[in-house]
Student: 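Here's a structure for you.
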Amino acid sequence: MQTSMHLSAPQNTDAPLIRAGAMVPFILVTSLFFLWAMPNNLNDVLIRQFMKSFQITRFQAGLVQSAFYLGYFILATPAALLMRRFGYKSGVLSGLLLLGGGCILFWPAALIGKYSFFLFALFVIASGLSCLETAANPFIAQLGDPENAARRLNISQAFNPLGAISGALVGTMFIFSGVELTPAQVRTAQLNHTYDAYLRSETLRVVMPYLVIGVLAILLGCVIWKTRFPAVAVESILGNVDLPMNTGFRDLLRYPHFMLAIVAQFMYVGAQVGTWSYFIQYVQDFVHSPEKTAGYFLTGTLVSFGVGRFASSVIMRYVRPDRLMAAYALANVLLILVGVVMPGWVGLWAIFLSSFFMSVMYPTIFALGLDGLGENVKIGASLLVMAIIGGAVLTPAMGLISQWVGSIAIAYLIPMIGYVFVFIYAAWGCHLLPLDGRR
């Protein structure tokens, strides 16, 4: 099918990657990609920790991701409307304030000892991250030559896995105590009236990492508040499009490539979040490793993700982003299938390696989906951020399936289906022209 998408061509290596005078804002906003990844991937540790400290099921623990991504879903559009009126900087500052406040709420939540309070704090944190992502992705995409938008986004997003690795490592080292009581030890502790104190101490372990992140968010907000941001024209990621200022949600319906990008992003994020959320459980169930060892395996798979993100930003200089993503999606369909049918060390390493290939998907779907939206870039970006509610839907669904069939391996069929959808989008959906035939 004929297409006018510049993003489906190798990137322009002659044009400056970042336009003059925008380097400091680029660095500061890129640092946000690192920052918001830490609470994102602390969730994977929290799921296991809360199963222990609150004695809840896999499905109930999966509600951590539901509360988290519900915040993303609800705040994305208000954040876009705020930025459409006041600019990208307002979205960044609002996001950092909410992130810092939500992290600080972990302290009273732990003192009260209520799981629901933690879920509320996670909702506030995610609301802040929704503002940050809605602002940061299109802002970075428009800081240079339009033909380099996908490459520029992949470079900034490359710092996201570094934050993810840090989050998983911090959680493993400072949240996991390494104390896992057997059923017999639990009964003994209950008879000695020490079990409640043990559960409380496990709950309190989550507080300090979140307080540190909260303070960092507030300090970074102060720096950004004092920094002058360049004026960014509200335009297509691939160039100016002459559209009236009052265009909005209904106008987006004439872009089938964008509507399918929302579906692809929903399925991808659900696949990614589900893969990581239950990876610790997969390791413990099928290779019988203790929680700290399983946590280090999770950290390792995030390192694989980071290597993939940096590698893809280089490969995209020579390979069309849509073709690269299609190849990566197909690889992950096969790897996750191995994890399902061969649980154990072989399946573990297959799922481990899938993180390398998922690395390119989020920023590339984002950039391809925003191609040619004109004045609707900010609204379109908010809808793509809202699509990550897939993590809220598919993760607890995996928990339910694992409870029904008695195996977390079978539940990994859900991420596999997600990668099938990503492959379809990369191979076909991103090439669809607008309904009026112009882009």
Side-chain angles (χ1 to χ4, degrees), residues 35-76 78-79 94-132 167-168 170-177 179 181 186 190 194-218 221 273 276-278 280-281 291 295 388-389 391-393 395-396 399-400:
L35 181 64
W36 76 55
M38 293 189 70
N40 261 295
N41 290 90
L42 275 170
N43 286 350
D44 305 323
V45 174
L46 282 184
I47 285 176
R48 179 59 192 164
Q49 184 70 4
F50 284 157
M51 285 176 65
K52 179 168 62 173
S53 64
F54 287 109
Q55 300 177 286
I56 54 179
T57 66
R58 290 175 184 174
F59 169 72
Q60 290 171 316
L63 294 178
V64 163
Q65 302 291 22
S66 296
F68 196 80
Y69 287 99
L70 188 63
Y72 266 102
F73 181 80
I74 291 176
L75 262 290
S94 299
L96 288 171
L97 182 62
L98 286 168
L99 169 59
C103 288
I104 292 170
L105 284 176
F106 261 59
W107 190 2
L111 294 178
I112 295 172
K114 292 291 186 182
Y115 182 52
S116 56
F117 201 153
F118 279 109
L119 295 181
F120 172 72
L122 286 167
F123 175 84
V124 176
I125 289 171
S127 298
L129 302 190
S130 180
C131 294
L132 294 179
V170 165
T172 300
M173 295 177 63
F174 297 103
I175 293 180
F176 284 158
S177 65
V179 179
L181 301 182
V186 169
Q190 289 172 334
T194 59
Y195 189 57
D196 288 343
Y198 162 75
L199 295 179
R200 181 170 177 79
S201 68
E202 291 291 329
T203 302
L204 288 171
R205 293 183 68 87
V206 307
V207 174
M208 187 54 66
Y210 279 89
L211 287 182
V212 172
I213 293 172
V215 171
L216 287 175
I218 292 171
V273 172
W276 291 344
S277 292
Y278 292 109
I280 290 175
Q281 193 68 53
E291 63 182 19
I388 67 177
I389 198 173
V393 176
T395 303
L400 274 180

Student: Report yes if some heavy atom in the side chain of F120 is under 4.5 Å from a heavy atom in the side chain of L105; otherwise report no.
Tutor: yes

Student: Run the side chain to side chain contact (heavy atoms under 4.5 Å, CB included) test on E291 and S177 for me, step by step, so that the C-alpha distance in whole Å, both residues' side-chain angles and the decisive distance to 0.1 Å come before the verdict.
Tutor: CA-CA 9 Å; E291 63 182 19; S177 65; 4.3 Å; yes

Student: Taking everything shown except F117 itself, do over 12 heavy atoms lie less than 6.0 Å from its CZ?
Tutor: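 Atom CZ in F117 is crowded, with more than 12 foreign heavy atoms closer than 6.0 Å.
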
Student: Report the distance from atom CG of L35 to atom CG of L96, rounding to the nearest 0.5 Å.
Tutor: 6.5 Å

Student: If you take all heavy atoms of L129 and P39, which pair is closest and at what distance?
Tutor: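 Reported closest heavy-atom pair: CD1-CG, 4.0 Å.
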
Student: Check step by step if side chain to side chain contact (heavy atoms under 4.5 Å, CB included) holds for F176 and R48.
Tutor: CA-CA 9 Å; F176 284 158; R48 179 59 192 164; 3.8 Å; yes

Student: Quick one: closest heavy-atom pair of L204 and A110, and the distance?
Tutor: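 The pair with the smallest heavy-atom distance is CD2-CB, 3.8 Å.
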
Student: Identify the heavy atoms of A392 and S66 that sit nearest to each other, and give their distance.
Tutor: O-OG, 2.9 Å

Student: Is a donor on one side and an acceptor on the other found under 3.5 Å between the side chain of Y198 and the backbone of V186?
Tutor: no

Student: Which of these, I213, L111, I125, sits in a side-chain contact (heavy atoms from CB on, under 4.5 Å) with F106?
Tutor: I125

Student: Would you say Q65's side chain and P396's backbone share a donor-acceptor pair under 3.5 angstrom?
Tutor: no

Student: Show the numbers, then the answer: is there a side chain to side chain contact (heavy atoms under 4.5 Å, CB included) between V212 and V170?
Tutor: CA-CA 11 Å; V212 172; V170 165; over 6 Å; no

Student: Give me the atom names and distance for the closest heavy-atom approach of T395 to G391.
Tutor: OG1-O, 2.7 Å

Student: Roughly how far, to the nearest 0.5 Å, is CZ of F123 from CD1 of I74?
Tutor: 4.0 Å

Student: Just verifying a value: how many Å separate L46 CG and S53 OG, rounded to the nearest 0.5 Å?
Tutor: 9.0 Å

Student: For the atom pair OH (Y210) and CG (L122), what is the distance rounded to the nearest 0.5 Å?
Tutor: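 It is 5.5 Å, given to the nearest 0.5 Å.
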
Student: If every non-hydrogen atom of I218 is compared with every non-hydrogen atom of G100, which pair is closest and at what distance?
Tutor: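 Of all heavy-atom pairs spanning I218 and G100, the closest is CG1-CA, 4.3 Å.
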
Student: For the OG atom of S127 and the CZ atom of F68, what is their distance to the nearest 0.5 Å?
Tutor: 9.5 Å

Student: So, taking the atom named CZ in R200 and the one named CZ in R205, what distance separates them when rounded to the nearest 0.5 Å?
Tutor: 14.5 Å

Student: What's the shortest heavy-atom distance between F174 and P209, and which atoms?
Tutor: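 Closest pair (atom of F174, atom of P209, distance): CB-CG, 4.3 Å.
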
Student: Could you tell me whether a side-chain N or O of Y115 sits under 3.5 Å from a main-chain N or O of I56, the two making a donor and an acceptor?
Tutor: no

Student: When you measure from the side chain of K52 to the backbone N and O of V179, does any donor-acceptor pair fall under 3.5 Å?
Tutor: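 Confirmed, K52 side chain pairs with V179 backbone.
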
Student: If you count the non-hydrogen atoms of other residues, nucleotides and ligands that lie under 6.0 Å from CE in M51, is the total more than 12?
Tutor: yes

Student: Would you sort out whether Y69 and N40 count as a side chain to side chain contact (heavy atoms under 4.5 Å, CB included), showing the intermediate values?
Tutor: CA-CA 10 Å; Y69 287 99; N40 261 295; 3.2 Å; yes

